[in-house]
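The structure presented is a predicted model; accordingly, all values stated were derived computationally and were not measured. Order of listing sets the numbers, starting from 1, for every ligand and every atom in it.
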Amino acid sequence: MNTMTMLNIFEYDKIVGELPQSIETLEIDSRKTIVGTAFICIEGFTVDGHQYAKQAVERGASLIIAEKEIDVEAPVVYVKNTKETLQRLAPFFYEMPSKAMHMIGVTGTNGKTTIANIIHQLLQKLGEKSAAMGTIGFQVEDELIDTDNTTPNVLETQRLLQLAKNRGIETTTMEVSSHGLIEGRLAGVVFDTAIFTNLSHDHLDFHGTMEHYGYAKGLLFAQLGQDVTKEKYVILNADDAWSERYRQMTPYPVWSYGFTEGAMYRARIIEMDPAHTIFELTTPKETFEVKTQLVGDFNVLNVVAAMLAVHSRGYEWPAIIEKIQEVTAIKGRMEKVETDLPITLYVDYAHSPDAIEKAIEAILPYKEASQRLLFLIGTGGNRDRAKRPVMAKKASLADYVVLTTDDPRFEGEETILTELEKGMTHNRYATIGDREEAVRHIVREANPNDIIIFAGKGHEDFQVVGNEKLPHSDAAIALDEAKKQFTK
Ligand SMILES: CC(=O)N[C@H]1[C@@H](OP(=O)(O)OP(=O)(O)OC[C@H]2O[C@@H](n3ccc(=O)[nH]c3=O)[C@H](O)[C@@H]2O)O[C@H](CO)[C@@H](O)[C@@H]1O[C@H](C)C(=O)N[C@@H](C)C(=O)N[C@H](CCC(=O)O)C(=O)O
Ligand SMILES: Nc1ncnc2c1ncn2[C@@H]1O[C@H](COP(=O)(O)OP(=O)(O)OP(=O)(O)O)[C@@H](O)[C@H]1O
């Protein structure tokens, strides 16, 4: 990009040094800086990017954008606020890629990954070139690109969207986290459809109160804009009271879904077993029977929300209902671990109280009287502490519980376990800080034919200890221990 063109995009206070003719790329991480980069210094939660300007110059940055005085061997453009500058600059630099695609945003405490992946699978089955960005990474058709966050920072988001646009992607579905909304990571992303799943206790370390947390989610609906000449849709969960608040934040048509009587698109479960679900979907015009491989009441709502998003894209119901049958379970979401051993193992990403309750409730109806449901749950260190006892209380719905850690980071396991333990409502449980040992212990506790749910890690294959990502797989450890236990 021509440097003068770039300087027309945002306001600056002063320029020190001789500007290059053009810049090749933008970067906020000195470690990724290459020759010809414009490096933008961002003050983060942990460190201040201004400290890394020198390193960026050593790596070839030809221009620095800063808000504090720095001393570097490169031209510097001083602005009032580098975060805001980046939010204006990145979408322009990457040529507003979201405008070239149909964009679907999914927000809510639980279900974002599931819905985004159902939409992605469904659109591909309908012959569309689709991408999905979220907790699992960035899926561009069948390729998976690693990302650091559910909603990546503004630069990464724009860069990935441009990549999708360049590959001819027609629809991109993004998981929109409340952190992403509050931090302006979605600047320049123009959505066409916005979905709300549900709101329950999570992330209060960041948002403080449920009111603030709920308000943050609402920004997605406000961000759809006010241009009523555009055809945009809002898809809200009628079973969740927050939907009424979000309805008021947008002028666009609202399609509500849920089990509740007032829902425009109402689901009623007809049949459900551990391998499939059949439900009836009543739309304002007609009623359809829908078959899906996903299980659990909550997944019926996830499936309906995803089908509505695809309908908002212009696909007719018969085609959607035919293809939804082929959509498979999502990695790490109530995912059954394949084994011939006499034990049923599920890995699930539940790490909020509501998700834990839903995961257990998905299994209880099929559990025979002779079987026990064992549940392993941990919480992260240096994150929302208030949810710990509430999570353990929900986990107490299981017959036997193991309380452990889930990314302890820098926090001692003692505090995590003690705070979890406060919520237990029965005494059939163990506390084991080391997650590998906890997994092995719960398998050893199981009798033949019992069911174990390993909650919290889902698709993740690591455990964050300190600031290191150590390899860890609940499924692999559980299978190893189960072999010892059940092939004697
Ligand atoms: C609290 C938070 O949101 N942190 C995010 C933030 O990190 P940070 O502010 O600590 O960054 P920092 O380390 O202080 O760095 C500041 C600046 O210096 C730069 N730097 C740093 C080191 C260096 O050597 N060179 C260098 O240039 C960095 O690139 C950055 O520009 O910016 C990083 C880069 O964009 C994010 O990856 C990081 O997310 C962390 C990993 C995180 O855990 N975030 C959570 C809270 C989060 O955002 N979660 C939601 C999902 C929630 C849900 O489950 O629904 C999400 O969307 O992921
Ligand atoms: N609609 C739902 N309502 C309640 N719980 C759900 C729902 N959908 C999924 N869950 C539970 O929440 C867990 C996480 O699901 P999913 O990954 O789809 O949510 P998410 O919103 O993407 O979570 P995160 O923001 O933490 O990445 C699942 O493993 C399941 O236990």
Side-chain angles (χ1 to χ4, degrees), residues 27-33 39-56 59 61 82-83 86 106-118 133-136 147-157 174-183 185-186 195-200 202-203 205-207 213 216-217 237 239-240 258 294 296-306 329-335 346-363 380 382-384 407 409 453 455-460 464 467:
E27 192 46 80
I28 58 170
D29 187 336
S30 58
R31 294 159 292 193
K32 296 181 187 160
T33 301
F39 178 77
I40 302 137
C41 306
I42 302 287
E43 190 174 341
F45 288 94
T46 321
V47 295
D48 186 347
H50 290 82
Q51 291 166 13
Y52 299 95
K54 269 203 172 103
Q55 190 185 24
R59 292 182 60 96
T82 48
K83 263 192 186 164
L86 179 66
V106 192
T107 201
T109 306
N110 293 305
K112 296 183 296 296
T113 304
T114 308
I115 291 175
N117 279 275
I118 300 172
M133 194 186 298
T135 311
I136 289 174
T147 52
D148 287 337
N149 288 87
T150 297
T151 306
N153 66 60
V154 66
L155 191 60
E156 189 70 0
T157 296
M174 280 188 72
E175 289 182 47
V176 175
S177 68
S178 49
H179 299 77
L181 284 162
I182 287 286
E183 287 186 8
R185 296 179 198 164
L186 292 143
I195 304 176
F196 170 61
T197 66
N198 46 64
L199 194 84
S200 64
D202 209 356
H203 306 306
D205 56 324
F206 188 82
H207 298 290
Y213 179 34
K217 295 277 182 203
N237 177 357
D239 297 354
D240 192 305
L294 276 71
D297 295 15
F298 62 89
N299 268 327
V300 168
L301 294 189
N302 291 340
V303 166
V304 173
I330 317 302
K331 198 167 168 21
R333 272 73 185 161
M334 288 310 285
E335 189 183 12
Y346 287 96
V347 284
D348 186 55
Y349 197 47
H351 54 266
S352 72
D354 189 48
I356 290 169
E357 183 174 8
K358 297 287 191 307
I360 294 178
E361 282 176 351
I363 297 300
N382 310 108
R383 292 284 187 275
D384 190 350
D407 297 343
R409 300 191 177 86
I453 301 176
K457 286 256 150 254
H459 62 286
E460 291 176 354
V464 183
N467 53 12

Just distances here: any N/O of [X] and N/O of ligand 1 closer than 3.5 Å?
X	result
T151	yes
D48	no
R185	yes

Practice problem: Would you mind listing which atoms of ligand 1 come within a distance below 4.0 Å of any non-hydrogen atom of I28? | Solution: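 Reading through ligand 1 atom by atom, the close ones are 19 (C), 27 (O), 28 (C), 29 (O), 30 (C), 31 (O).
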Quiz prompt | Any N/O pair A359/ligand 2 closer than 3.5 Å | solution =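 Min N/O separation from ligand 2 is not below 3.5 Å for A359.
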Practice problem: Give yes or no for whether the N/O distance cutoff of 3.5 Å, strictly under, is met between K358 and ligand 2. | Solution: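 By distance alone, the answer is no.
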Is [X] touching ligand 2 with its side chain, its backbone, both, or neither, if touching means heavy atoms under 4.0 Å apart?
X	result
I330	neither
K112	both
T113	both

Self-check item: Side-chain donor/acceptor of N198 to backbone N/O of N110, under 3.5 Å
Solution: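 Yes; at least one donor-acceptor contact below 3.5 Å.
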Quiz prompt | Candidate with minimal heavy-atom separation from atom 5 (N) of ligand 2, of L301, N110, N299 | solution =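 Of the listed residues, N110 has the closest heavy atom.
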Quiz item: Which residue from N302, V347, T114, V303 reaches closest to atom 8 (N) of ligand 2 through any of its heavy atoms?
Solution: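 Among N302, V347, T114, V303, the closest heavy atom to atom 8 (N) of ligand 2 belongs to N302.
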Practice problem: May I ask whether E156 has any heavy atom positioned less than 4.0 angstrom from an atom of ligand 1? | Solution: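 Contact check E156 vs ligand 1: negative.
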Exercise. Please say which of T113, T114, T151, N117 ends up in a side chain to side chain donor-acceptor pair (under 3.5 Å) with E175.
Key: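 Only one option passes, and that is T113.
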Quiz item: Short list, please: which atoms of ligand 2 are under 4.0 Å from a heavy atom of D354?
Solution: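 Near D354, meaning under 4.0 Å from one of its heavy atoms, ligand 2 has 4 (C).
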Practice problem: Can you sort out the partners of K457 under salt bridge (Lys or Arg N to Asp or Glu O under 4.0 Å), two or more places apart, ordered by chain and number? | Solution: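 With sequence neighbours excluded, K457 shows a salt bridge (Lys or Arg N to Asp or Glu O under 4.0 Å) to D406, D407, E460, given in chain and number order.
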